[in-house]
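So the structure is just underneath, and the comments pick up after that.
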Amino acid sequence: MTVTTVPDLFDDAREPGLVALAPGLAWLRRHVATAPLVAAIEQIAAAAPWRHLTTPFGGRMSVAMTNAGAVGWHSDARGYRYVEHDPLSGRPWPAMPAAFAALAAEAAARAGFPGFEPDCCLVNRYAAGAQMGVHRDYDERDLGQPIVSVSIGLPAVFLWYGETRRGPPLRVPVADGDVVVFGGPARPGYHGVRRLALPAGAAPDACRLNLTFRRAR
DNA sequence: AAGTGTCA
DNA sequence: GGGC
């Protein structure tokens, strides 16, 4: 018996390459080597620790977050916004590693959005059971700038709803080294991440890391 | 509601 | 349910 978990479109998901999923939405499979990224993320988290943010209506996000760059994304009872200082410490966020900015610019250009200069790298950590509810990235000043999302570690299913949050979404099986870029007509699209499953044989504390690059200001 | 829990 |  075969359990099909993804559409036939994604049967060749292990092969590197670019897939145009929708206008402005690109999936760059196995695009980056992630080991150096993990080391840099550990340095970022040493300066700005992982935290589970609170949503404006009191919910607790299951994804642990931190940031690097001139501004960082933050949420609490006051709402969603970008802040120049880590609310936990009052200090500026760790600088964005030059290699991060270069990677984001290269991936954006590959997807058709040249000249991308992110000022924020939101770092997400998904432990088993963590998920990201359906939302859109709408706190940035210039929605003409794309979003670049880099997957590291455990595989996950990225959900693309598009213009409305009514389903069914496109289910994109993102793996270690995959990059998803959304810009242009896809930039306001609703999206999310399915509850992270722990693969058989994985360590109980295994996780998925995600880098989301934005131009917030 | 970038929340979770429950029911149909 | 909890940070400002």
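The chains referred to below are lettered A, B, ... by the order of the sequence lines, with proteins before strands, and numbering in each begins at 1. Values reported hereafter were calculated over all heavy atoms of this structure, with side chains retained and with hydrogens, waters and symmetry mates removed.
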Below 3.5 Å between N/O atoms, which protein atoms pair up with nucleotides 4-8 of chain B? Just atom names and distances, please.
{"unit_1": "B/dT4", "atom_1": "OP2", "unit_2": "A/Q131", "atom_2": "NE2", "d": "3.2"}

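Separating the OH atom of A/Y80 from the P atom of B/dG3 is a distance of 7 Å, rounded to the nearest angstrom. Whole-Å rounding puts the A/H52 NE2 to C/dG2 P distance at 14 Å. Here the P atom of nucleotide B/dA1 and the CH2 atom of A/W73 are 13 Å apart, to the nearest Å. When the P atom of B/dA2 is taken as reference, atom OH of A/Y190 falls 8 Å away, rounded to whole Å. In this structure, the OH atom of A/Y126 is 9 Å from the C1' atom of B/dA2, given to the nearest Å. In this structure, the CZ atom of A/F57 is 13 Å from the P atom of B/dG3, given to the nearest Å. Rounded to whole Å, atom P of B/dA2 lies 11 Å from atom CG of A/D137. Atoms CZ (A/R51) and P (C/dG3) sit 13 Å apart, rounded to a whole Å.
A/R81 comes within 4.0 angstrom of nothing in the nucleic acid, heavy atoms only.
The shortest side-chain heavy-atom distance between A/P188 and A/Y138 falls under the 4.5 Å cut-off.
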Item to complete: Just do the salt bridge (Lys or Arg N to Asp or Glu O under 4.0 Å) check on A/R136 and A/E163 with the steps written out, would you?
Response: CA-CA 10 Å; A/R136 53 182 179 173; A/E163 293 184 12; over 6 Å; no
Fill in: Verdict with reasoning, A/D119 to A/R214, per salt bridge (Lys or Arg N to Asp or Glu O under 4.0 Å)
CA-CA 6 Å; A/D119 58 4; A/R214 305 95 185 280; over 6 Å; no
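Within a 6.0 Å radius of CZ in A/R195, no more than 12 heavy atoms belonging to other residues, nucleotides or ligands are found.
Using atom P as the reference point in both B/dA1 and C/dG3, the two lie 22 Å apart (nearest Å).
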